[in-house]
S.K.: 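The following block contains the structure, expressed as structure tokens.
In what follows, every heavy atom counts, from backbone to side chain, and hydrogens, waters and symmetry copies are set aside. Remember, it's a predicted structure, so these values are computed and weren't measured experimentally. Chain letters run A, B, ... following the sequence lines, proteins first and then strands; every chain starts at 1.
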Amino acid sequence: MKLSTDFYQVKEVTQIARNLLGKYLFTNINGEISGGFIVETEAYAGIIDKASHAFGNRLTNRTKTMYEAGGIAYVYLCYGIHEMLNVVTSTEGEPHAVLIRAIHPTEGIDLMLERRNMASIKNNLTAGPGSVAKALGISRKMNSLSFLSEEIWIEDRGLVFPEDEIAAVPRVGVAYAKEDALLPYRFYVKGNLYVSKPNR
DNA sequence: GAGATGATTAGCT
DNA sequence: GCTAATCATCTCC
């Protein structure tokens with residue numbers, strides 16, 4: 001069953017990032033369904049997170065999607081090539097988001113291979129945020145689309161990882177962020193082949 | 001209206 | 001490991 005709006009509107013973005021592991025993300029592009037369960041996420045805590053587009057309460061045409069109520073997609077382009085899928089969380093006015101970094105594909109694998117121009121399935125099919133978006137056919141057209149829509153949604157199928165199979169680690173490259181640098185904002189399933197990199 | 005830049009990835013060394 | 005690719009968005013003039 002699809003996750004309800006309540007799931008996304010919890011205030012603690014890290015809790016949602018943690019809970020999203022093992023949930024199933026699907027897209028329906030022109031009637032073709034593909035997706036899998038999430039194995040790696042990263043939390044972006046709005047205005048206090050230097051890595052966030054909304055750091056310092058910055059509000060622009062692009063970032064305004066993050067300020068909306070939780071339960072919608074925030075898709076944007078980075079480095080001119082890569083489109084990334086974020087889940088907007090919390091309530092209206094709080095620009096929190098969870099970046100989907102990797103999924104374990106379960107449905108529509110042929111379709112994903114085609115989109116990625118790959119001949120056979122490899123662990124890097126959906127490892128890394130840019131790869132996930134490309135494999136699922138996600139584009140900026142889906143920005144601000146609800147996760148209760150027919151084009152993209154997240155399901156709970158009862159898959160739960162025990163605590164000791166989940167790693168919560170500090171993000172890299174944020175040493176300058178003082179006490180925030182120690183916060184475990186990156187979550188992934190230990191040992192899963194589709195995690196982008198075990199310890200980056 | 002122009003110039004700098006980045007929540008990355010792939011491919012070469 | 002290291003570096004090039006590549007463009008929407010933001011910022012400043």
S.K.: Just to verify, what does A/K11 make a salt bridge (Lys or Arg N to Asp or Glu O under 4.0 Å) with, not counting sequence neighbours?
M.R.: A/E94
S.K.: Determine which pairs satisfy ring-ring contact (aromatic ring centres under 6.0 Å, His included) with at least one residue from residues 45-68 of chain A, sequence neighbours left out, and list them in order.
M.R.: A/H53-A/Y76
S.K.: CD of A/E165: more than 12 outside heavy atoms within 6.0 angstrom?
M.R.: yes
S.K.: For A/Y24, run the side-chain contact (heavy atoms from CB on, under 4.5 Å) check against A/T106, A/I154, A/I38, A/L3 and tell me which one passes.
M.R.: A/T106
S.K.: Round to the nearest Å and state the distance from A/N124 atom CG to B/dT9 atom P.
M.R.: 10 Å
S.K.: Whole Å only: how far is the CD1 atom of A/I48 from the P atom of B/dA7?
M.R.: 17 Å
S.K.: If you write DNA chain B from 5' to 3' in dot-bracket form, with Watson-Crick or G-U pairs under 3.5 Å, [ ] for crossing pairs and | for pairs with another strand, what do you get?
M.R.: ||||||.|||||.
S.K.: Identify whether A/M118 and A/L111 are in the same connected component of the hydrophobic contact network (ILVMFWY, side-chain heavy atoms under 4.5 Å).
M.R.: no
S.K.: Between protein and nucleotides 9-13 of chain C, what N or O pairs are separated by less than 3.5 Å?
M.R.:
from: C/dT9; atom 1: O3'; to: A/R62; atom 2: NE; distance (Å): 3.3
from: C/dC10; atom 1: OP1; to: A/T60; atom 2: OG1; distance (Å): 2.1
from: C/dC10; atom 1: OP1; to: A/R62; atom 2: N; distance (Å): 3.3
from: C/dT11; atom 1: OP1; to: A/R58; atom 2: NH1; distance (Å): 2.7

S.K.: Could you give the OH-to-P distance, from A/Y44 to B/dA7, as a whole number of Å?
M.R.: 7 Å
S.K.: Rounded to whole Å, how long is the line connecting atom CZ of A/R116 with atom C1' of B/dA10?
M.R.: 10 Å
S.K.: Round to a whole Å and report the spacing from CG of A/N117 to P of B/dT9.
M.R.: 17 Å
S.K.: Kindly determine whether A/M66 and A/S52 satisfy side chain to side chain contact (heavy atoms under 4.5 Å, CB included), including the steps that lead there.
M.R.: CA-CA 10 Å; A/M66 281 198 283; A/S52 170; 4.1 Å; yes
S.K.: Would a distance-only check, ignoring hydrogens and angles, find a side-chain to backbone donor-acceptor pair under 3.5 Å from A/N143 to A/V75?
M.R.: yes
S.K.: For A/K122, I'd like to know if atom NZ has over 12 heavy atoms of other residues, nucleotides or ligands within 6.0 Å.
M.R.: no
S.K.: Does any N or O in the side chain of A/T41 come within less than 3.5 Å of the main-chain N or O of A/A17, such that one atom is a donor and the other an acceptor?
M.R.: yes
S.K.: Do you reckon A/I121 sits in the same ILVMFWY cluster as A/V39, going by side-chain contacts under 4.5 Å, direct or chained?
M.R.: yes
S.K.: Could you list all the ring-ring contact (aromatic ring centres under 6.0 Å, His included) pairs where at least one residue sits in residues 149-170 of chain A, not counting sequence neighbours?
M.R.: A/F26-A/W153
S.K.: Taking atom P of B/dA7 as reference, at what distance in whole Å does atom NE2 of A/H96 sit?
M.R.: 18 Å
S.K.: Without decimals, in angstroms, what is the distance between A/K141 NZ and C/dA8 C1'?
M.R.: 16 Å
S.K.: For DNA chain B, which residues in residues 76-95 of chain A have a heavy atom at a distance below 4.0 Å?
M.R.: A/Y76, A/Y79, A/G80, A/H82, A/M84, A/N86
S.K.: Rounded to the nearest Å, what distance is computed from the CZ atom of residue A/F55 to the P atom of nucleotide B/dG6?
M.R.: 14 Å
